[in-house]
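Heads up, the thing below is written out as structure tokens.
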Amino acid sequence: MAVLALAATPACHRGGDGGSPGTGDGGTATASSGTGATTGSTDAALSVALVRRLDLDDGHAFDVVAARSDGAVLDPAAVTVTSDRGTVDPAVAVDGGAVRVTIHPDATVTGPYRVRVTADLPSGPATAEVTAAVFRTLDERWDQPVLVGRGLDTSGWDDSPAVSPDGRWMVVHAIGLRHECFFLPPDEQASTHPACQTQRGMFEGGRPAFPGDGRVDPVTGAIDHRCPASTPLQAPDQIPWLAWISALYVGERQPDGTYGDVRLLGYVREGTMGTYGDGCQVPTSVQLVERPDGTVDADGIYRGTYDVVFAMDLWLDAGVPKWPYVPGENCPNTDTSVDVYVAEDVDLEADLPVEFGRVEGDAEGCIAWTSTRARRVGGFDADGPESNPQIFTYGGTTFLLYDTEGTSPEHLHLRRLSPGGSPSEGPWGPDETLPLPDPDGRTIPFFDTTEGVLYSMQGSAIVANAALAADLSAFGPTEVVASVDPDAAADRAGAFFVVGEPMLARGADGRRMLTGSVGTVVGPERLDLGPFVVPARP
């Protein structure tokens with residue numbers, strides 16, 4: 001997906017809180033050259049693409065390139081381009097009959113720029129819209145970032161986007177609360193906090209069915225925060241923490257480049273009370289791995305099933321017969337840290353949704369985990385928290401890459417699958433710890449099998465590291481690929497605030513595509529978390 005082509009449409013597809021494009025920081029900038037005539041068929045559509053400009057003093061400037069879908073010449077005088085931020089240069093003709101407009105970001109630079117292109121075509125006015133993501137730092141290997149928008153970007157917490165290797169599918173981890181609900185002061189982190197009483201995002205009207213809908217009031221949208229297996233005896237106003245509805249959703253790439261036709265991919269069932277508590281446990285950091293028995297057609301599209309790799313924290317799988325829960329006392333010999341799981345042979349076209357597992361609370365308040373689809377990756381699941389997993393094959397060897405989320409200091413780890421083994425059962429070789437440039441920082445690893453480069457997310461930056469080799473002592477930062485402004489004010493509307501759990505895939509034209517999530521400030525102490533993609537430059 002090197003460019004984002006949007007077919008002409010009278011509707012505005014965007015994430016966030018819905019509605020028309022916002023005003024951002026800089027008002028609305030416009031470039032218009034009148035309403036000249038165009039030639040060609042009477043049913044032509046308009047397409048637009050976002051491309052970085054690297055030959056300007058303003059390194060954050062980007063181009064909007066508009067073209068007619070029938071290949072006929074588009075007159076610059078027929079094109080009007082507006083952006084809710086920055087300044088817009090006059091439209092000019094370029095090779096191939098297209099029209100180019102350069103947009104210069106405003107002084108704050110970082111954030112989303114919502115762009116609308118309108119052209120007078122023989123069949124009437126045609127409009128296309130797209131949202132550019134402008135980062136503080138982006139090296140020359142990568143093109144213009146684009147916020148995904150549409151189905152998989154909502155007003156809730158849409159995090160950890162993962163794209164299938166062929167770029168066809170995108171998966172997000174969706175939580176039906178606002179991002180800021182999880183960063184309240186400790187004395188406010190209660191299930192009764194007013195800001196966290198309404199379901200958001202995937203769980204709003206018009207979205208697919210979701211687990212746990214039995215604990216959302218159909219009239220008010222208020223949430224019953226109980227999770228049956230872990231809070232069986234407590235009333236909603238007695239629960240001292242936020243329990244949320246969480247699941248994985250998947251969308252297929254559409255002709256306009258967005259990911260729509262959203263469906264529920266999978267969830268964890270709370271078996272104690274049927275569907276009432278589904279979604280209490282959290283499958284996240286997902287990866288889609290093509291199975292070796294699949295095929296690739298002439299268009300580069302993979303035809304087959306996937307192994308779904310994810311991390312999950314059974315955050316109360318030792319149970320809580322009463323509060324507070326004391327690790328090791330209530331339910332001894334139980335692993336409560338984050339673990340890596342694999343659900344094998346999942347058909348994204350037909351076999352959905354997937355029940356990754358089921359948790360049951362027993363009479364002692366302890367939780368038992370069972371599953372017919374997902375299995376803990378064997379051999380080391382009691383060693384501590386293993387999160388953000390990535391399984392990949394490189395140089396004839398299958399690797400598992402993960403980090404130790406929640407420990408201090410954190411580490412990156414690598415394990416090698418023994419010949420003839422399987423990801424879910426192993427055997428995996430010994431742990432290899434990778435040295436970190438900043439061992440006290442939040443570090444998430446991912447690997448580019450095309451270039452053989454190991455990447456990591458460190459704080460608000462995505463860093464390209466040394467190539468993966470037998471000697472891992474060379475691991476270290478070599479270049480910042482993308483970063484957000486670490487000093488972005490939490491109350492500055494339009495600022496990017498965080499970057500989350502990036503991954504790499506290949507786009508529709510074979511180019512690599514970096515995916516991640518950013519939190520955009522949409523109000524005082526309010527964030528809208530959503531996915532973005534960055535295609536590699538040609």
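Residue numbers start at 1 and run along the sequence shown. All values derive from a computational prediction rather than experimental measurement.
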Quiz item: Listed by chain and number, what are the salt bridge (Lys or Arg N to Asp or Glu O under 4.0 Å) partners of Asp139, not counting sequence neighbours?
Solution: Arg141

Exercise. Indicate the atoms forming the closest heavy-atom contact of Pro283 with Leu248, along with that distance.
Key: O-CD2, 3.3 Å

Quiz item: Just how far is it from atom CD of Gln144 to atom NE2 of His60, taken to the nearest 0.5 Å?
Solution: 10.0 Å

Self-check item: N/O donor-acceptor pair under 3.5 Å between Ser483 side chain and Ser460 backbone
Solution: no

Quiz item: Between Thr520 and Asp528, is any side-chain donor less than 3.5 angstrom from a side-chain acceptor?
Solution: no

Practice problem: Applying side chain to side chain contact (heavy atoms under 4.5 Å, CB included), name anything that partners Ala66, two or more places apart in sequence or on another chain. | Solution: Leu46, Val48, Leu74, Val117

Quiz item: Under the ring pair (Phe, Tyr, Trp, His ring centres under 6.0 Å) criterion, do Phe447 and Phe399 qualify, and how do the steps go?
Solution: CA-CA 10 Å; Phe447 185 72; Phe399 295 88; 7.4 Å; no

Exercise. Measure the spacing between CZ of Phe62 and CG of Leu50 and express it to the nearest 0.5 Å.
Key: 6.0 Å

Quiz item: Just by distance, with hydrogens left out, do Asp106 and Tyr113 show a side-chain donor and acceptor under 3.5 Å apart?
Solution: yes

Exercise. Would you sort out whether Asp63 and Val101 count as a side-chain contact (heavy atoms from CB on, under 4.5 Å), showing the intermediate values?
Key: CA-CA 6 Å; Asp63 285 345; Val101 173; over 6 Å; no

Self-check item: Atom of Asp166, atom of Arg253 and distance for their closest heavy-atom approach
Solution: O-NH1, 3.7 Å

Quiz item: Is a donor on one side and an acceptor on the other found under 3.5 Å between the side chain of Arg512 and the backbone of Glu451?
Solution: no

Quiz item: Is there a side-chain contact between Val92 and Pro76 (heavy atoms, below 4.5 Å)?
Solution: no

Practice problem: Can you label the angle between the Phe135 ring and the Phe496 ring as parallel, tilted or perpendicular, going by 30° and 60°? | Solution: tilted

Practice problem: Under the side chain to side chain contact (heavy atoms under 4.5 Å, CB included) rule, collect the residues that match up with Thr284, sequence neighbours excluded. | Solution: Ser160, His173, Val282, Glu501

Quiz item: Taking the side chain as C-beta and beyond, is there a heavy-atom pair between Leu152 and Val262 under 4.5 Å?
Solution: yes

Quiz item: Where do Leu56 and Thr102 land on the side-chain contact (heavy atoms from CB on, under 4.5 Å) test, with the steps shown first?
Solution: CA-CA 10 Å; Leu56 300 177; Thr102 298; 3.9 Å; yes

Quiz prompt | Worked verdict on Arg136 versus Val109 for side-chain contact (heavy atoms from CB on, under 4.5 Å) | solution = CA-CA 7 Å; Arg136 178 70 62 180; Val109 181; 3.9 Å; yes

Practice problem: Using modelled atom types only, decide if a donor and an acceptor are shared between the side chain of Arg511 and the backbone of Ala536 within a distance under 3.5 Å. | Solution: yes

Self-check item: Which atom of Val499 lies closest to which atom of Met457, heavy atoms considered
Solution: O-SD, 3.1 Å

Practice problem: Work out which heavy atom in Leu352 is nearest to a heavy atom in Leu348; give both atom names and the distance. | Solution: CD1-O, 3.5 Å

Practice problem: Could you pull out all residues at least two apart from Arg537 that satisfy side chain to side chain contact (heavy atoms under 4.5 Å, CB included)? | Solution: Arg52, Leu54, Asp143

Exercise. Kindly say whether Gly452 contributes a backbone atom to a donor-acceptor pair with the side chain of Asp448 at under 3.5 angstrom?
Key: no

Self-check item: Qualifying residues under side-chain hydrogen bond (donor to acceptor under 3.5 Å, both in side chains), relative to Glu140, sequence neighbours excluded
Solution: none

Quiz item: Distance-only, no hydrogens or angles: does the Ser456 side chain make a donor-acceptor pair with backbone N or O of Pro445 under 3.5 Å?
Solution: no

Quiz item: Do we see a donor-acceptor contact under 3.5 Å between the side chains of Thr108 and Arg85?
Solution: yes

Exercise. Mind checking the CG-CD1 spacing from Leu401 to Ile391? Nearest 0.5 Å is all I need.
Key: 10.5 Å

Quiz prompt | Distance in Å, Arg53 CZ paired with His104 NE2, rounded so as to fall on 0.5 Å steps | solution = 7.5 Å

Quiz prompt | side-chain contact (heavy atoms from CB on, under 4.5 Å) between Val64 and Ile103, worked out | solution = CA-CA 8 Å; Val64 176; Ile103 297 177; 3.8 Å; yes

Self-check item: Side-chain donor-acceptor pair present, Thr127, Arg116, cut-off under 3.5 Å
Solution: no

Quiz item: Aromatic rings Trp142 and Tyr455: how do their planes relate, parallel, tilted or perpendicular, breaks at 30° and 60°?
Solution: perpendicular

Exercise. Enter the distance from Arg114:CZ to Thr131:OG1 here, rounded to the nearest 0.5 Å.
Key: 5.5 Å

Quiz item: Mind checking whether Val130 and Val146 have side chains closer than 4.5 Å, heavy atoms only?
Solution: yes

Quiz item: Between Arg168 and Glu349, is there a salt bridge with N-O shorter than 4.0 Å?
Solution: yes

Quiz item: Which pair of heavy atoms, one from Ser517 and one from Pro161, lies closest together, and at what distance?
Solution: CB-CD, 3.9 Å

Quiz item: Side chain of Glu252, backbone of Tyr259: donor and acceptor closer than 3.5 Å?
Solution: no

Quiz prompt | Ser387 versus Asp403, side-chain donor and acceptor atoms under 3.5 Å | solution = no

Practice problem: Could you check if a side-chain atom of Pro502 sits within less than 4.5 angstrom of a side-chain atom of Leu514, using non-hydrogen atoms only? | Solution: yes

Practice problem: Would you please name every residue forming a side chain to side chain contact (heavy atoms under 4.5 Å, CB included) with Asp95, sequence neighbours left out? | Solution: none

Quiz item: Under the criterion side-chain contact (heavy atoms from CB on, under 4.5 Å), which of Leu264, Val171, Asp158 is the partner of Tyr249?
Solution: Leu264

Quiz prompt | Sub-4.5 Å side-chain heavy-atom contact between Val163 and Met503 | solution = no

Quiz item: Rounded to the nearest 0.5 Å, what separation is found between the CG atom of Leu288 and the CZ atom of Phe310?
Solution: 12.0 Å

Quiz item: Between Arg68 and Asp70, is there a salt bridge with N-O shorter than 4.0 Å?
Solution: yes

Quiz prompt | Minimal non-hydrogen separation, Gly530 against Asp153, with atom names | solution = CA-OD1, 3.5 Å

Exercise. May I ask you to test the Val533-Val148 pair for a side-chain heavy-atom distance under 4.5 Å?
Key: yes

